[in-house]
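Only one structure is covered here, and it is reproduced in the block below.
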Amino acid sequence: MLSEAGFDVQPLPMDRSPWGLSGLVFIGSFASEDRDYKRYMEKYAEDLYKFVDDGNVLVQMTQADQTESRPPFLPTTLEARRCDTDTAEVHVLSPSHTLIKDFPVRDGKLALNQERLGWETYNLQSGFEVILSSDADASFPVLLEGAYGQGRIVLAAMHLDKLLDAKGNRVAGPQRESLAKHFAKNLLAHVQDVDARRAKAIEVTLAPRVQRSFVKGSWTLALLPDTQVYSVRFPGLFSAQTAWLRAHAKERNIRYVLHLGDITDNNAPVEWQRAAESMRLLEGHVPYALVPGNHDYGPSGDASTRETYLNQYFSFDDTAQMPTFGGAYEEKKLDNTYHLFEVGQQKWIIITLEWGPRDEVVAWANEVMSKHPDRKGILITHAYMYSDSRRYDHTDKVHKSHWNPHDYRTPSGVNDGQELWDKLVRKHNFVFTFNGHVLNDGTGYRADRNDAGQFVHQILANYQMRELGGGGYLRLVEFDPDGNTVYMLAYSPLHDRYMLEGDHTFTIRLDQPPADQPEVDRAAVVAPSRVSAPKALSQGDKQRRTGHEIKATQ
């Protein structure tokens, strides 16, 4: 393909640095599954972007995200991560770019007769110009280019170079062969332009969640996951979160702030005092609800009793004065409460339940929900879903999960996520469940149909494992005016930055499950699946994305 376009093609020397080479380094599709490639990247990845700096071009075609989610040769000024999403529809975002000259375009899209061109697209990019994407918002880029020094780095989620199968049989149709020839010819012209320093300057494409301004008519829920490290070490970060929410409450139409538990680390008075001071910044500006986590109970936060300082540092009487306060399971205690609010014509109810809710608490929650059948429900409890997107289930001996409430010495009985689903959630009009607690990568998302056939979106968010006990990250849940689209955003007031990885920032359709979750029996445990490009590795995908296993006590 490259030779026919006019390149003098030579194998990349695998035993020495690319310094001194000139022109183009071309990495073919799925090369990252080769052992020699891995050894080369371990040794020379940094030298590759220095090769680019000298006025050269580096192109990488599509790779399996399980094998290589992030290109190892990217400099610190560029970021990109692959995902499992494929696309047949390809939007042209930079129509005048040399790399797509003579591509067939109709109504702003590539005319491909539904052939799947985008394989293993990107769900995160920073510093690149997106040339082709799955949609007009650059949500899942297919072809993107970044500048480094005098040269360029081109990333493609395309397999145009794979025209033959392993036996040498031609597998590409005439349309893809034509695209491949155009791409190779255009690439030659682009490499020559870069070498001559006449290539058009990069126009960086903002990631869609950053680019998207808050839409009039939208409204927001804010989630505060596990603030325990802030309360014990960095109380200023806790206050930075609530101060930001207070300052932006009107602008972003924040209707409620929901704390997901582990407010403190050791259930110690000084930590509760700090937490109360931080949360007090919201009073009079935006209502909030909170649940106690395991670290909020027992001596030193060991959850061996149900004794907590919560009700000494957060006033039940003051909370009860909030117009949205509905009631509590126990008088003068905030461990289990419910809250009522309305947005437009929609009526909502928030149920907050203690760590490892007791059976009698679950029975109370059922009664509350039964009395409000016209309201959409939100359940908050500290431990519900694990980081593999399965509900906690102490009876499941196949899928190992840590920190299940049944593993603690908490008295009076507990219920884990699966028990809460069976005894409470599936019976009522719950739309969301939110929880924290879980370490690993601290994320999880699944959607299951309840007994009435409606989807319940169940979400885990926890950032305590990150630098400074979470880096100030919180979740913003933005409800679009269309009533069906919800944007999940991870944002840090400390860094003024969104976390764009797909586990943290993504879009929810209330009438649909996640794209990688097949719809099965509503009571079943669902594992993600795909039927796309071949994979080479079998290790757990989430551990691969985080790059390491976090070991900590919970």
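Please read all numbers here as calculations on a predicted model, not as lab measurements.
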Q. When the aromatic ring centroids of Y37 and F30 are compared, is their separation below 6.0 Å?
A.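 Distance test on ring centres: not under 6.0 Å, no.
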Side chains of [X] and [Y]: is there a donor and an acceptor less than 3.5 Å apart?
{"X": "N440", "Y": "S387", "value": "yes"}
{"X": "T324", "Y": "Y256", "value": "yes"}
{"X": "H394", "Y": "N404", "value": "no"}
{"X": "T121", "Y": "T85", "value": "no"}
{"X": "E354", "Y": "Y329", "value": "no"}
{"X": "E271", "Y": "H295", "value": "no"}
{"X": "S32", "Y": "E68", "value": "no"}
{"X": "H339", "Y": "T337", "value": "yes"}
{"X": "T443", "Y": "D441", "value": "yes"}
{"X": "D416", "Y": "Y386", "value": "no"}

**Q.** Minimal non-hydrogen separation, L424 against H428, with atom names
**A.**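 Looking at all heavy atoms of both residues, the shortest contact is O-CD2, 3.1 Å.
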For the side chain of [X] and the backbone of [Y], is there at least one donor-acceptor N/O pair under 3.5 Å apart?
{"X": "Y392", "Y": "H402", "result": "yes"}
{"X": "R475", "Y": "M488", "result": "no"}
{"X": "N462", "Y": "V438", "result": "yes"}
{"X": "D480", "Y": "D482", "result": "yes"}
{"X": "H457", "Y": "L510", "result": "yes"}
{"X": "E478", "Y": "T220", "result": "no"}
{"X": "S492", "Y": "G471", "result": "yes"}
{"X": "D135", "Y": "A138", "result": "yes"}

How far does [atom1] of [X] sit from [atom2] of [Y], to the nearest 0.5 angstrom?
{"X": "F434", "Y": "L224", "atom1": "CZ", "atom2": "CG", "value": "12.5 Å"}
{"X": "F455", "Y": "N450", "atom1": "CZ", "atom2": "CG", "value": "10.0 Å"}
{"X": "Q418", "Y": "M385", "atom1": "CD", "atom2": "CE", "value": "11.0 Å"}
{"X": "Y338", "Y": "L379", "atom1": "OH", "atom2": "CG", "value": "15.5 Å"}
{"X": "N267", "Y": "E307", "atom1": "CG", "atom2": "CD", "value": "9.0 Å"}
{"X": "Q321", "Y": "E283", "atom1": "CD", "atom2": "CD", "value": "12.0 Å"}

Does a salt bridge link [X] with [Y], judged by any charged N lying under 4.0 Å from a carboxylate O?
{"X": "R426", "Y": "D451", "value": "yes"}
{"X": "D448", "Y": "R391", "value": "yes"}
{"X": "R233", "Y": "D265", "value": "no"}

Q.
Using the ring pair (Phe, Tyr, Trp, His ring centres under 6.0 Å) criterion, which residues pair with Y288? Sequence neighbours excluded.
A.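 Y288: no ring pair (Phe, Tyr, Trp, His ring centres under 6.0 Å) contacts found.
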Q. How far apart are the C-alpha atoms of R358 and N415, what are their side-chain angles, what is the distance that settles it, and do they pass the side-chain contact (heavy atoms from CB on, under 4.5 Å) test?
A. CA-CA 6 Å; R358 294 162 286 173; N415 282 277; 5.7 Å; no
Q. Is the number of heavy atoms from other residues, nucleotides or ligands under 6.0 Å of E251 CD greater than 12?
A.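 Correct, the count exceeds 12.
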Q) Which residues satisfy the side chain to side chain contact (heavy atoms under 4.5 Å, CB included) test with D302, sequence neighbours excluded? A)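 P299, S304, R409.
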Q | Name of the residue among I380, T352, V477 meeting side chain to side chain contact (heavy atoms under 4.5 Å, CB included) with L258 | A |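 Passing option: I380.
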Q.
Please identify which of these residues, W244, Y473, Y463, meets the ring-ring contact (aromatic ring centres under 6.0 Å, His included) condition with Y491.
A.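 It is W244, the one option of W244, Y473, Y463 that forms the ring-ring contact (aromatic ring centres under 6.0 Å, His included) with Y491.
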Q | All pairs passing side-chain hydrogen bond (donor to acceptor under 3.5 Å, both in side chains) where residues 367-378 contributes a residue, at least two apart | A |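 Applying side-chain hydrogen bond (donor to acceptor under 3.5 Å, both in side chains) to every pair that reaches into residues 367-378, excluding sequence neighbours, yields K347-D374.
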